Protein chains: 2
Amino acid sequence: MPNDSSKDGYHHGDLRNALLSAAEGLLVQHGPGGLSLREVARVAGVSHTAPYRHFSDKAALLQALARRGFERLHAAMTDAAAGVPHGPEQQLIAAGIACVRHAVNHAEITQLMFGGTLASTVDAAGDMSGRDAFAALQTIIESGISAGVFRQREPRELALVAWTSMHGLAMLMTAGLLEVDTGNPAALDQLVGSVASNVIYGIAR
Amino acid sequence: MPNDSSKDGYHHGDLRNALLSAAEGLLVQHGPGGLSLREVARVAGVSHTAPYRHFSDKAALLQALARRGFERLHAAMTDAAAGVPHGPEQQLIAAGIACVRHAVNHAEITQLMFGGTLASTVDAAGDMSGRDAFAALQTIIESGISAGVFRQREPRELALVAWTSMHGLAMLMTAGLLEVDTGNPAALDQLVGSVASNVIYGIAR
DNA sequence: GATCGTATGTTGACAGTGTCTACATTACAG
DNA sequence: CTGTAATGTAGACACTGTCAACATACGATC
């Protein structure tokens, strides 16, 4: 019984995704750094060199995992903003909460995405890295400026304030450096809301 | 010629610090993760197990390195604030710039300090972790509230806005995820100043 | 000053890792 | 049906973190 998905023979059928899923599972168990390519292969039920048919490197696998995370983050933020048609401020808060929530719920992958582990490697795929998420914020802010609820400045500049704030909050929490019960969604939302509203107060007209 | 410092015999004399320095040097060369305990020992000119007489673990060595970083960060921020007696706003900006500058100038160690690599281990020494730096910010803000230039809110709340913002900025820059020339001090200060003044605008009375 | 415990440093070994090369099996195009 | 590329395997290599056993040097005690 080689595996659960697709084909059942010598060839796996969808090993690439299976490896990514296995890696993600192991990543949340043992933190980043505690993840070994061989164990990933073991969990996926293949030999220890099979991953090299799909990823040139261990770093490449981690990078693919990070890419997944960036996509999910972007989706979470835009979805959250889209679900709140009550104007840019509320959209911004919703996006911020979604951002931090995603970070807390996927702490290990968040560290992968923004931690320096892949820093050197990320350069190549850097075009991808979180730029979409940042752009989402900027879009909200632009609409807010047009609507006259935000100060008339460089959108990028205002977006940067929001982005760095949320990013910092997320990183501090995922690193466990903030005395807050990340398991309590209400407390989390309140904290994020507090920071976000302060940011908005600074941004607002 | 076993070494340059202190004694020259079988016993090193100050191996602990020598190891930390060697580790720091290697850390900036090859990023975090690319640092091997054995190479640290090699650089320090001792056998590959000598470090175990001073650090229980590889993680323990990295943790000590991180602790050094926290101390330096705190010192840099308080020094910067102390050097600017022109009121809390300017002090806050100075501290923010010092914070980000320290992060940029010690990118690898910053990733060590706040990245998740040590997350599980940091719990023990967590009391140390950046709390001092945060407290420094909070002190400035408290004096600002007393002086009536900042809004009358929970100091912790306002400090959190400033802290997350600076922290996020620092982390994004050290991870190379911000399109900014970190080598150009002027551009860096301007960027930090921009974000900081926006934060202050939100905090100010 | 000799002695002895202890701190410090060394050697050797072990399992585990990332990655390379060579080989085996399968899918598929002609 | 045949050959070629894609995919997976086996074995090897240097390297790593860590443990146990041993060697050396320092410092207090008699």
Side-chain angles (χ1 to χ4, degrees), chain A residues 1-23 25-27 29-66 112 117-121, chain B residues 1-23 25-27 29-66 112 117-121:
Chain A
M1 63 201 80
N3 205 275
D4 44 311
S5 73
S6 330
K7 308 204 180 177
D8 270 28
Y10 186 93
H11 282 51
H12 183 281
D14 190 22
L15 185 55
R16 195 190 141 93
N17 283 335
L19 288 171
L20 285 175
S21 300
L26 290 175
L27 194 62
Q29 285 186 28
H30 334 90
L35 186 150
S36 101
L37 207 47
R38 290 171 105 110
E39 196 173 1
V40 171
R42 227 171 283 139
V43 169
V46 293
S47 77
H48 63 267
T49 49
Y52 285 87
R53 301 296 148 186
H54 299 272
F55 302 97
S56 66
D57 234 344
K58 181 184 182 181
L61 195 163
L62 295 179
Q63 198 170 314
L65 219 53
L112 239 197
T117 315
L118 298 177
S120 48
T121 332
Chain B
M1 64 200 82
N3 204 276
D4 45 310
S5 72
S6 333
K7 309 203 180 179
D8 271 25
Y10 186 91
H11 282 50
H12 182 281
D14 190 22
L15 185 56
R16 193 190 143 93
N17 283 335
L19 289 171
L20 285 175
S21 300
L26 290 175
L27 194 62
Q29 284 185 27
H30 333 90
L35 185 150
S36 100
L37 208 46
R38 289 171 105 109
E39 196 174 1
V40 170
R42 226 171 284 139
V43 169
V46 294
S47 76
H48 63 267
T49 50
Y52 285 89
R53 301 296 148 186
H54 299 271
F55 303 97
S56 65
D57 232 346
K58 181 184 183 182
L61 194 164
L62 295 179
Q63 197 170 315
L65 220 52
L112 239 197
T117 314
L118 298 177
S120 48
T121 332

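Chain naming here is simple, since letters A, B, ... match the order of the sequence lines and numbering starts at 1 in each. In what follows, every heavy atom counts, from backbone to side chain, and hydrogens, waters and symmetry copies are set aside. Since the model is a prediction, treat every value here as computed from it, not as a measurement.
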Can you list the residues that meet the side chain to side chain donor-acceptor pair (under 3.5 Å) rule with B:Asp57, with sequence neighbours excluded? none

D:dT7 C1' sits how many Å from A:Asp14 CG, rounded? 13 Å

Of all residues at least two apart in sequence or in a different chain, which pass the side chain to side chain contact (heavy atoms under 4.5 Å, CB included) check with A:Arg53? none

Whole-Å distance separating the NE2 atom of B:His54 from the P atom of C:dT6: 18 Å

Check step by step if side-chain contact (heavy atoms from CB on, under 4.5 Å) holds for A:Arg16 and A:Phe55. CA-CA 8 Å; A:Arg16 195 190 141 93; A:Phe55 302 97; 3.4 Å; yes

Identify, with sequence neighbours excluded, every residue that meets side chain to side chain contact (heavy atoms under 4.5 Å, CB included) alongside A:Ser47. A:Thr49, A:Ala50

Taking only residues two or more places apart in sequence, or in another chain, which ones meet A:Ser36 in a side chain to side chain contact (heavy atoms under 4.5 Å, CB included)? A:Arg38, A:Glu39

Taken to the nearest whole Å, NE2/B:His30 to C1'/C:dG18 is 16 Å

Got a donor-acceptor pair under 3.5 Å from the side chain of A:Arg16 to the base of D:dT7? no

Can you pull every protein N or O that's under 3.5 Å from an N or O on nucleotides 15-18 of chain D?
residue	atom	partner	partner atom	Å
D:dT16	OP1	B:Ser36	OG	3.1
D:dT16	OP2	B:Arg42	NH2	2.9
D:dG17	OP1	B:Leu37	N	2.7
D:dG17	OP1	B:Lys58	NZ	3.1
D:dG17	OP2	B:Leu37	N	3.0
D:dG17	OP2	B:Arg38	N	3.1
D:dG17	N7	B:Arg38	NH1	2.5
D:dG17	O6	B:Arg38	NH1	2.9
D:dT18	OP1	B:Asp57	OD1	2.6
D:dT18	OP2	B:Tyr52	OH	2.9
D:dT18	OP2	B:Asp57	OD1	3.4
D:dT18	OP2	B:Lys58	N	3.1
D:dT18	O5'	B:Tyr52	OH	3.1
D:dT18	O4	B:Arg38	NH1	3.2

Heavy-atom closest contact (A:Val40 atom, A:Ala22 atom, distance): O-CB, 4.0 Å

Nearest-nucleotide check on DNA chain C, B:Leu15 vs A:Arg53; residue mapping nearer the 5' end is B:Leu15

